[in-house]
Amino acid sequence: MSVVKTRFAPSPTGYLHIGGARTALFSWAYAKRHGGQFILRIEDTDVARSTPEAVQAILDGMAWLQLDHDEGPFYQMQRMDTYKKIIQKMLDDGHAYYCYCSKEELDALRETQMQQGLKPRYDGRWRPETDKTLPEVPQDVPPVVRFKNPTTGVVAWDDMVKGRIEIANAELDDLIIARADGTPTYNFCVVVDDWEMGVTQVIRGDDHVNNTPRQINMLQALGAQVPQYAHLSMILGDDGQKLSKRHGAVSVMQYHEDGYLREAVLNYLARLGWSHGDDEVFSMAQFCEWFDLDHITPSAAQFNTEKLNWLNAHYIKNLPLERIADEVKPRLGKLGVTETSTPDLLAVLNLYRERSNNLNQLAQEIAFFYQMPAINEADAAKHIQQETSGIIEKFLEKAQDSDWAADNLHDALNFVVTEQQIKFPKLAMPLRVALIGIAQSPSIDQVMAILGKETCLQRIHALFPKK
RNA sequence: GUCCCCAUCGUCUAGAGGCCUAGGACACCUCCCUUUCACGGAGGCGACCGGGGUUCGAAUCCCCGUGGGGACGCCA
C-alpha cells in the first residue's frame, strides 16, 4: 500500500483564485486525512505567460490559507533535463515520433475539419506505420514530437467524483509533447511529474477531464502506475456565470483585503461542493478528519457571498479575541488609528464583534474609540431637539460624580429618564450622536464606560456646550 | 459541429428503492428579546427539469428529450 500523495499544480499566469484555492484545499485535506503528503508544483512551462509575480501571488495565497505543502514547490522549468531524457526515450521506444507539419498547415487542417462538422484533430500524416511511406522531410521546418496514441479501444477510469468515464481512443489524436524548440508541453510534463513524484490521487478541476485519457495513455506507454483521478466541478460566480478575469474571479488575497477571515473562507470553500451531513460550521482539523472524495458533488456550484458573510460573522464572534485584534489592528491603521491601548482594544472588540460580519467594517465601527467621530447630520437632525441639551445636562449632573462604570451609568440614565418622564431614546440617541457620531451602537452605557469619562465629557460638550 | 460532464428550495446541499408529508444551512418574511442598530431565540415561505420505462414501490436505477457546462492549441 503506497503512501497517499496529492498535489496542487497551478500555472503561474495569475493569482490564486477561489476555484484554485478549493482544489488546493481538497488536495491538501485528502493528504491530511490519509496521513499522506501534499505537493506543491508550479507548472511554468508557458514561459511567455508565467511570471515571478504570479508565483509569489500563489505562494502568498497558499500561505494565507495555511495550506502548507510537504514537498516542493517544484518548478517544471527546472526539470527540463528529465523531460528531455524521457522524450528521447519515447522516441527510441517508438511511442513518439517527429512531425514536420507547420502551424499554418495545422490551422488549415483544423478549419477544414470544423467546416465538415468533424472534431478537429491531427490526421497522423507523420505518424509512422508499417507499410506506410512518410512524406519527404522538409529542410526548413523544425519538427515537434508527437505521442503515438493508440487508435483503437477505449481509455477508461473510475473518477472518484464523477464515476466511470470512458473515452474512445478514436476520439483522441497524437498530441504534441515537445514543441519545435524542444520544450515539453503541459500534458507531457504532468504525466512525467505525477509519475516521478509518486502522486497517487490527482485532484483537479474538471476542465482536465478531457486531458485524462491522453495522460493515461502516456502513463501506460511509460509503464507507469496510473493514479486515481478526482475531477472537481467548477465554481460559478454569485450570479451563476462562469468566473473570469473580468467577472469576479478574484484572488483569495482579495478576500483577506476585503475583511474576511481565513477560517471563514476555508470553511465556506470546504462546504462548496462537499458535505458531511448537515454540518455547516467546522474547523480545518475537523474537516481533515471528515474529508472524503465520495461526498463531493459532481455538479457545478455557485458562489454565495451571503453565506460567506454569515460564516465570517460566526468566526468573528467566536475566534479568540486576540486573533481578531491582530486582524483588526492593521485595518484600524489604514483608518489612521495606530494607538489602540486606550481604551483597550480587546474590551472594545468584545463589545463590538457580535454585530459585525466583516473585519474592515468592524474596524470602521470602532475607530471612534480612538479618534473623534464625524457627526452624522441626518442622525443629529433626527435625534437632537430643543430640549435635548437640558436632558443631557441632567444626565451629566447625575453621572458626573460616579466612577463611570457601566452599571452606574446605566442607573444614571434610568434615573434621568424616569425623572424627566421621557422615553429612553430621548436621552440615549443624542448621547450616541455626540459620542460616536451615529445613532447605532451597543448599549450606550457600555460604550461610555469603555470610552472613559474624560473623552465622553469632552465629546458631549463639543456638541452641547456648557452654559 | 464532435466528444465528455452535469441536473433536488433563489443559493450551498442531505438523500445510495420504502425511513420523504423530501431534511439542514444562507437569504427572505413574521413574531419574541430589546435602549437604537445588530446579535440571539421561535416560527414561516420555498425544490426532486420533462417524458417514458424497470419495480408492489423511484428524488434515488435505465432510456430518450430538454437545459446548462466543459474540452477540442507548438496554453495550462
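Just so we're on the same page: letters track the sequence lines, and every chain starts at 1.
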Would you indicate what A/H383 reaches in the nucleic acid, counting non-hydrogen atoms under 4.0 angstrom: base, sugar-phosphate, or nothing? nothing
Minimum-distance nucleotide to A/K119 side chain [options: B/C72, B/A27, B/C4]: B/C72
Please classify the nucleic acid contact of A/D445 as base, sugar-phosphate, or nothing, using heavy-atom distances under 4.0 Å. base
Round to the nearest Å and state the distance from A/D174 atom CG to B/C74 atom P. 13 Å
Report which part of the nucleic acid A/S443 touches: base, sugar-phosphate, or nothing (heavy-atom distance under 4.0 Å, all strands). base
A/F147 and A/F188: aromatic ring centres closer than 6.0 Å? no
Rounded to whole Å, please give me the gap between CG in A/L272 and P in B/G24. 21 Å
Determine the contact category for A/P442: base if any of its heavy atoms lies under 4.0 Å from a base atom, sugar-phosphate if only primed atoms, P, OP1 or OP2 are that close, otherwise nothing. base
Base B/G70 to side chain A/D207, donor-acceptor N/O within 3.5 Å cut-off: no
Distance, rounded to the nearest Å, where A/F282 contributes CZ and B/A25 contributes P: 15 Å
Looking only at atom P, what distance separates B/C56 and B/G24, rounded to whole Å? 33 Å
Mind checking the P distance from B/G65 to B/G40? Whole angstroms is fine. 49 Å
Write down the partner of B/C3 under the Watson-Crick or G-U wobble criteria, each distance required to be under 3.5 Å. B/G70
By the 4.0 Å heavy-atom rule, please label A/D279 as base, sugar-phosphate, or nothing. nothing
Using the P atoms only, state how far B/G57 lies from B/G18, rounded to an integer number of Å. 14 Å
Sugar-phosphate, base or nothing in reach of A/T45, heavy atoms under 4.0 Å: sugar-phosphate
Any base atoms under 4.0 Å from A/C101, or only sugar-phosphate, or nothing? Heavy atoms, all strands. base
With sugar-phosphate meaning primed atoms plus P, OP1 and OP2, does A/K103 contact a base, only sugar-phosphate, or nothing at under 4.0 Å between heavy atoms? base
Of A/H276 and A/L308, the one whose closest RNA chain B nucleotide lies more 5': A/H276
Going by atom types only, do A/Q286 and A/W290 share a side-chain donor-acceptor pair under 3.5 Å? yes
Would you indicate what A/K423 reaches in the nucleic acid, counting non-hydrogen atoms under 4.0 angstrom: base, sugar-phosphate, or nothing? nothing
Tell me whether the OP1 or OP2 atom of B/G15 has a side-chain N or O from A/H295 closer than 4.0 Å. yes
Does either side chain, that of A/R204 or that of A/T212, offer a donor lying less than 3.5 Å from an acceptor on the other one? yes
Over how many whole Å does the gap from A/R214 atom CZ to B/C4 atom C1' extend? 12 Å
With both distances kept under 3.5 Å, what pairs with B/C56, Watson-Crick or G-U wobble? B/G18
Both conditions, 6.0 Å and 45 degrees, for the charged tip of A/R146 above the ring of A/Y122: are they met here? yes
Taking the same atom, C1', in B/A58 and in B/A22, what whole-Å distance lies between them? 13 Å
Report yes if a side-chain nitrogen or oxygen of A/S233 is closer than 4.0 Å to either non-bridging phosphate oxygen (OP1 or OP2) of B/C6; otherwise report no. no
Gap between atom OH of A/Y97 and atom CZ of A/R127 - 0.5 Å precision: 6.0 Å
Sugar-phosphate only, base, or nothing, as touched by A/G240 at under 4.0 Å among non-hydrogen atoms: nothing
Side chain of A/S275 - closest among B/C5, B/A14, B/C74: B/A14
N/O (side chain, A/R110) to phosphate O (OP1/OP2, B/G73) under 4.0 Å: yes
Could you tell me how far apart A/W310 (CH2) and B/A27 (C1') are, to the nearest whole angstrom? 12 Å
For a quick check of understanding: with a heavy-atom distance under 4.0 Å over all strands, which category does A/E280 fall into, base, sugar-phosphate or nothing? base
Classify the side chain of A/R121 and the base of B/U2 as holding, or not holding, a donor-acceptor pair under 3.5 Å. no
Categorize A/V209 for me: base, sugar-phosphate, or nothing, with a 4.0 angstrom heavy-atom threshold over every strand shown. sugar-phosphate
Compute whether any side-chain donor of one residue and acceptor of the other, for A/D60 and A/Y15, lie under 3.5 angstrom apart. no
Re B/C49: Watson-Crick or G-U wobble partner, both distances kept under 3.5 Å, found to be B/G65
Does the plane of the ring in A/H314 sit parallel, tilted or perpendicular to the ring in A/W310? Use 30° and 60° as the thresholds. tilted
Distance test, side-chain N/O of A/K307 to OP1/OP2 of B/U13, below 4.0 Å: no
Quick one, A/Y98 with A/W126, criterion ring pair (Phe, Tyr, Trp, His ring centres under 6.0 Å). Give me CA distance, side-chain angles, the key distance, then yes/no. CA-CA 7 Å; A/Y98 289 112; A/W126 287 94; over 10 Å; no
What contact category does A/T297 fall into here, base, sugar-phosphate, or nothing, at under 4.0 angstrom with non-hydrogen atoms? sugar-phosphate
For A/P120, report the nucleic acid contact type (base, sugar-phosphate, nothing); a contact means any heavy atom under 4.0 Å. base
With a 3.5 Å limit on both atom pairs, tell me what B/A25 is paired to, counting Watson-Crick and G-U wobble, or say none. B/U11
Separation of the C1' atoms in B/C61 and B/C9, to the nearest angstrom: 25 Å
P gap between B/A27 and B/C72, integer Å: 39 Å
Mind checking the C1' distance from B/C39 to B/C49? Whole angstroms is fine. 40 Å
A/D407-A/H410 side chain donor-acceptor pair, cut-off 3.5 Å: no
For the pair made of OH in A/Y186 and C1' in B/A76, what is the distance, rounded to whole Å? 6 Å
Of A/A180 and A/Q440, the one whose closest RNA chain B nucleotide lies more 5': A/Q440
Rounding to an integer number of angstrom, what distance separates B/C64 and B/G73 when you compare their P atoms? 28 Å
